[in-house]
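First the proteins, then the strands, lettered A, B, ... as listed; each starts at 1.
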Amino acid sequence: MSRALALIDGNSFYCSCERVFDPKLVGVPVIVLSNNDGCAVARTPEAKALGIKMGAPYFMIRELCRREKVRVFSSNYTLYGDMSARANAVYRQFAKDVEIYSIDESFLDLSEVRERERLELARDLRSTVRRWTGIPTCVGIGPTKTLAKLANHIAKRVPELGGVCDLSDENERAMWLVGIPVGEVWGIGRASLAKLEALGVDTVADLRDLDPRPARQALTVVGERIIHELRGRACLPLEIVPARRKGCAVTRSFASRVTEQADLEQAVSAHATRLAEKLRRDGLATTQITVFYHTSEHDRGDPKRSVSTVVHLPEATSDSLVLIKAARLGVAKTWREQGPEPWRYSKAGVITTDLVPLTESPRALFGALDRERGGALMAAMDACNRRFGRGTVVPARAGLEAKRTWATKFEMRTPRYTTRLAEVPVVTAMATAGPEIRPSSS
DNA sequence: TCTGGGGTCCTAGGACCC
DNA sequence: TCTGGGGTCCTAGGACCC
């Protein structure tokens with residue numbers, strides 16, 4: 001049986017999630033904004049038709065949105081994450097091996113399915129996901145991940161295909177590949193595109209026919225792999241068990257510029273708190289954090305400053321209190337007194353790159369942290385926050401929500417319909433003429 | 001006159017992805 | 001006023017070692 005992978009993804013996923021809970025959004029232009037209400041990161045076809053580009057800064061399209069009655073939403077990651085989990089639960093009914101590639105994309109192994117039955121299965125998958133979660137999807141099938149991605153791209157753009165496309169057959173595949181620009185291939189970005197154009201490569205078929213060895217010169221081993229994948233030779237395995245994460249970052253732009261040390265320290269403390277929560281959730285720990293903050297490239301004329309500093313810890317930890325202290329130290333040791341033209345900082349963050357499982361990490365000989373006591377406290381705090389919502393219990397130094405002058409904007413966020421009891425939608429049913437239902441008397 | 005060679009590890013920066 | 005956030009992988013080059 002030949003190898004076959006399917007790539008299924010949600011159409012305009014974030015927008016579709018919003019539509020599931022508000023039918024009035026169907027048929028009208030909808031966009032979802034990035035963190036801080038910065039850029040458009042999801043657009044329905046109606047919004048794309050108005051010329052709204054991926055990543056367009058909101059302040060530049062605000063007027064257009066008002067005029068064209070585009071419905072605009074802040075991101076609601078809690079909702080999207082939960083809808084994603086629901087969709088994947090459906091995928092697992094159709095395939096034993098599923099790789100969750102991103103919040104809205106998964107690869108399914110269909111190698112066990114007979115070739116002539118794959119399209120039918122894909123159609124069934126689409127309609128089941130639609131029925132059970134409300135999310136519209138497209139499915140692409142191919143012998144490699146790169147070809148499955150390409151098939152998905154075709155399924156999205158050719159309406160006659162009904163949302164599914166199978167590139168398993170080599171002859172049929174060759175016909176499609178001559179008509180697709182090479183920039184649509186997964187892994188070919190702006191820089192690679194420019195190099196390929198110089199080599200006279202315009203279409204996906206051109207790239208497939210490129211000699212892989214010299215291609216490596218221009219595109220590194222990554223490009224060589226893509227060529228093999230386009231020829232149907234798999235170089236990228238299906239990763240069913242997610243790899244352990246290597247790094248973790250919490251970074252945010254400020255809603256307004258920050259000029260005070262106290263505000264900056266409070267911001268990185270909050271980021272460190274969130275970072276620690278993520279580490280504990282995954283059972284990971286870090287021996288050092290990088291703290292950074294900088295002014296904005298968009299503030300023309302203002303003095304520029306960019307700071308990045310590493311703070312080492314005595315041993316690996318995921319303790320919020322330890323990481324907060326380290327984050328504040330990172331600011332304190334690099335802070336410079338403001339002059340007559342103060343630096344107006346626009347963004348700050350806390351980054352780790354050396355994550356290890358906490359239980360496998362060596363203890364410090366000197367200056368060891370009190371893991372037992374700290375661990376118990378963190379466990380109690382996490383339990384409270386899981387039960388009553390994030391931010392219910394926070395270390396005092398992380399700052400209270402109400403006092404955050406730098407806080408991120410989410411002015412148009414919808415309720416967390418599926419994960420907060422207080423925010424579930426209320427359905428009112430009107431009685432119509434029909435059989436009356438009464439409690440049985442016997 | 002003439003100044004080895006090969007290996008590992010680490011980091012910074014580039015590129016790409018969603 | 002207003003321009004996201006969080007990841008991965010690859011390569012080159014320096015430090016260091018024998």
With a 4.0 Å cut-off, would you call A:D299 and A:R344 a salt bridge?
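Between A:R344 and A:D299 there is a salt bridge, with a charged N closer than 4.0 Å to a carboxylate O.
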Within the 4.0 Å heavy-atom criterion, would you say [X] contacts the bases, only the backbone, or no part of the nucleic acid?
X: A:R225; result: sugar-phosphate
X: A:S75; result: nothing
X: A:G349; result: nothing
X: A:V185; result: sugar-phosphate

What is the distance from atom CD1 of A:I141 to atom CG of A:D166, rounded to the nearest 0.5 Å?
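Result: 4.5 Å between the selected atoms.
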Looking at the side chain of [X], which of [options] is the nearest nucleotide?
X: A:C39; options: C:dT3, B:dC18, C:dT11; answer: C:dT3
X: A:K246; options: C:dT8, C:dG7, C:dT3; answer: C:dT8
X: A:V221; options: C:dG4, C:dG7, C:dC10; answer: C:dC10
X: A:F59; options: B:dC16, C:dG4, C:dC2; answer: C:dC2
X: A:W186; options: B:dC17, C:dG7, B:dC16; answer: B:dC17
X: A:R252; options: C:dG7, C:dG6, B:dC18; answer: C:dG6
X: A:N35; options: C:dT3, C:dG5, B:dA15; answer: C:dG5
X: A:E105; options: C:dG5, B:dA15, B:dC18; answer: B:dC18
X: A:K149; options: C:dT11, B:dC18, C:dC9; answer: B:dC18
X: A:S253; options: C:dT3, B:dC18, C:dG4; answer: C:dG4

Roughly how many Å is it from CG in A:L275 to P in C:dG7, rounded to a whole number?
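These atoms are roughly 9 Å apart.
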Judged by each residue's nearest nucleotide on DNA chain C, which is more toward the 5′ side, A:K278 or A:Y14?
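So the residue in question is A:Y14.
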So, is [X] close to the [N] phosphate, meaning a side-chain N or O under 4.0 Å from OP1 or OP2?
X: A:K195; N: B:dC16; result: no
X: A:S34; N: C:dT3; result: no
X: A:R245; N: C:dG7; result: yes

Determine the interatomic distance between C1' on B:dG4 and the same-named atom on C:dC16; round to the nearest Å.
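These two C1' atoms come out 16 Å apart once rounded.
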N/O donor-acceptor pair under 3.5 Å between A:K145 side chain and A:P237 backbone:
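Yes; at least one donor-acceptor contact below 3.5 Å.
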Please name the nucleotide paired to B:dG14 by Watson-Crick or G-U wobble geometry with both distances under 3.5 Å, or report none.
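Across all strands, the one nucleotide that pairs with B:dG14 is C:dC9.
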Distance-only side-chain donor-acceptor flag, A:T128 / A:Q93, under 3.5 Å
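No - no donor-acceptor pair under 3.5 Å links their side chains.
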Can a cation-pi geometry be assigned to A:R62 and A:F59, taking NZ or CZ under 6.0 Å from the six-membered ring centre and within 45° of the ring axis?
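No, A:R62 does not sit over the ring of A:F59.
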